[in-house]
Every structure is written in C-alpha cells, then in structure tokens.
Amino acid sequence: VQLQASGGGLVQAGGSQRLSCAASGGTFSRYVLGWFRQTPGKEREFVGAIDWSGSSTPYADSVKGRFTISRDNAKNVMYLEMNNLKPEDTAVYYCAAGTFLVFSNIAVSTPDKYNYWGPGTQVTVSS
C-alpha cells in the first residue's frame, strides 16, 4: 500500500491543523494505521494509532486531549486533527500502516511494527 500525508504547514501556537493520510494500492480496512513524528537528531516518536474499525485510538501522553485520529475506510483516508498546538509539536509527521494480528497499545506505538510509511509532512508551530 502507498501512503501520502498532506496538510502540513505553519500555524501559530494555540491554533489547529488537520493532516490527512491517503492510501492506495491495498485493502485499507485491513491495516492498523499510525501517526508518528520526528525532529532532527531524534528518533521517530509515536503520536497515535487507530484500529481497523476506528474504535480504538491510543495516543501519546504528550498529545492526549489535543489530537484526534479518525479514519474513513470508504475513502481510504486517515486524519489527524490537532488542536491547541504547541511549539514542541513542530516536527515532520508520518503516517504508517501495519498488518497487526492483535491491536496492542505497545505494538502499535512501535515504529518497527509498521510495514508501510508515507514520505511525511512538515508541521511548524510558531510561538
């Protein structure tokens, strides 16, 4: 499956932004989907994930209550709604898809467990 994230850009602190991740070339509903982010010199960081139906969405503590993940299996799209953005949210955001047998919070927060990655989109939050 091919993934393409979009919607990044520059936003002021306290503002909102929505990222999209469009998929093609696979059966979208079969994949667990995740959002990760990365800043220069740091490892890729888990943001959140969503199970096959959208009923389970674990988040990193740093974004809990501010970010919301959703998916539309009919449109093959996943979203990341980001509210009350902070300068520390500045990063390249990546979407990923994985063929998990079991939806485990530990597993879905691990980058190496995902099979497919999009090229990333830059989000910059100014103070």
Side-chain angles (χ1 to χ4, degrees):
V1 61
Q2 292 79 46
L3 303 173
Q4 181 66 55
S6 61
L10 177 64
V11 62
Q12 288 190 331
S16 298
Q17 198 158 29
R18 187 176 80 161
L19 304 183
S20 298
C21 176
S24 61
T27 305
F28 187 71
S29 60
R30 290 184 178 179
Y31 297 100
V32 168
L33 305 173
W35 285 101
F36 292 80
R37 64 188 183 186
Q38 191 169 22
T39 54
K42 293 189 176 182
E43 293 186 353
R44 199 160 291 190
E45 175 190 24
F46 173 71
V47 174
I50 188 166
D51 74 353
W52 306 270
S53 65
S55 62
S56 183
T57 51
Y59 298 96
D61 288 344
S62 58
V63 306
K64 200 172 294 182
R66 300 188 298 122
F67 290 13
T68 302
I69 296 175
S70 61
R71 66 189 293 168
D72 186 335
N73 286 342
K75 296 182 178 179
N76 290 359
V77 181
M78 172 178 63
Y79 302 100
L80 178 64
E81 185 74 37
M82 304 183 292
N83 297 313
N84 190 22
L85 282 161
K86 304 175 181 180
E88 50 263 44
D89 294 318
T90 295
V92 177
Y93 283 72
Y94 299 89
C95 59
T99 53
F100 293 81
L101 296 179
V102 176
F103 191 86
S104 151
N105 285 5
I106 293 176
V108 302
S109 65
T110 305
D112 291 348
K113 299 297 185 182
Y114 288 81
N115 308 95
Y116 307 99
W117 291 85
T121 184
Q122 175 72 47
V123 173
T124 302
V125 184
S126 63
S127 56

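Residue numbers count from 1 along this sequence. All values derive from a computational prediction rather than experimental measurement.
Residue Asn73 holds its CG atom at 8.0 Å from CG of Leu33, rounded to the nearest 0.5 Å. Separating the OG1 atom in Thr68 from the CZ atom in Arg18 is a distance of 11.5 Å, to the nearest 0.5 Å. The line from OH of Tyr31 to CZ of Arg71 is 11.0 Å long, rounded to the nearest 0.5 Å. Atom CG of Asn76 sits about 11.5 Å away from atom CD of Gln2, to the nearest 0.5 Å. Distance CD/Gln4 to SG/Cys95: 7.5 Å, rounded to 0.5 Å.
Under the 4.5 Å side-chain heavy-atom criterion for Ile, Leu, Val, Met, Phe, Trp and Tyr, Phe100 and Ile69 are members of distinct hydrophobic clusters. Using a 4.5 Å cut-off between side-chain heavy atoms of Ile, Leu, Val, Met, Phe, Trp and Tyr, with links allowed through other members, Val123 and Val47 fall into the same hydrophobic cluster. Put simply, Val77 and Met82 are part of two different groups of oily side chains (I, L, V, M, F, W, Y) that touch within less than 4.5 Å, one to the next. In the hydrophobic clustering of ILVMFWY residues, with side-chain heavy atoms under 4.5 Å counting as a link, Phe28 and Tyr116 come out together. Phe36 and Ile50 are not part of a single hydrophobic cluster, where members link through side-chain heavy atoms under 4.5 Å apart.
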Practice item. In sequence, state the C-alpha distance, the side-chain angles, and the governing distance for Gln122 and Leu10, and then conclude on side-chain contact (heavy atoms from CB on, under 4.5 Å). Key: CA-CA 8 Å; Gln122 175 72 47; Leu10 177 64; over 6 Å; no
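When side chains are defined from C-beta on, Leu19 does not count as touching Tyr79, because their heavy atoms never get closer than 4.5 Å. Looking only at side-chain heavy atoms (C-beta outward), Val125 and Glu88 stay at 4.5 Å or farther from each other. At a threshold of 4.5 Å between non-hydrogen side-chain atoms, the residues Val108 and Tyr114 count as touching. Between Val63 and Arg37, some side-chain heavy-atom pair lies under the 4.5 Å cut-off. Between Glu45 and Ser62, the closest side-chain pair of non-hydrogen atoms falls below 4.5 Å. Trp35 is listed as a side-chain neighbour of Met78, based on a closest heavy-atom distance under 4.5 Å. The side-chain heavy atoms of Leu101 and Phe103, taken from C-beta on, include no pair separated by under 4.5 Å.
At a cut-off of 3.5 Å, with distance as the only test, a side-chain donor of Ser55 or Asp51 sits close to an acceptor on the other residue.
Closest non-hydrogen pair, Ala97 versus Leu3, comes out as N-CD1, 3.6 Å. Between Ala13 and Ser127, the closest heavy-atom pair is CB-CA, 4.3 Å. Across every non-hydrogen atom of Thr121 and Ala5, the tightest pair is CG2-CB, 4.0 Å.
Panel note: side chain Trp117, backbone Ala96; no donor-acceptor pair is recorded below 3.5 Å. Judged by distance alone, with hydrogens and angles left aside, the side-chain atoms of Thr39 form no donor-acceptor pair with the main-chain N or O of Lys42 at under 3.5 Å. With hydrogens and angles ignored, the 3.5 Å screen pairs no side-chain donor or acceptor of Asn84 with any backbone N or O of Arg66.
Using a 4.0 Å cut-off between charged side-chain N and carboxylate O, Asp89 and Lys86 make no salt bridge.
The aromatic rings of Phe67 and Tyr93 sit tilted relative to each other, their planes meeting at an angle between 30° and 60°.
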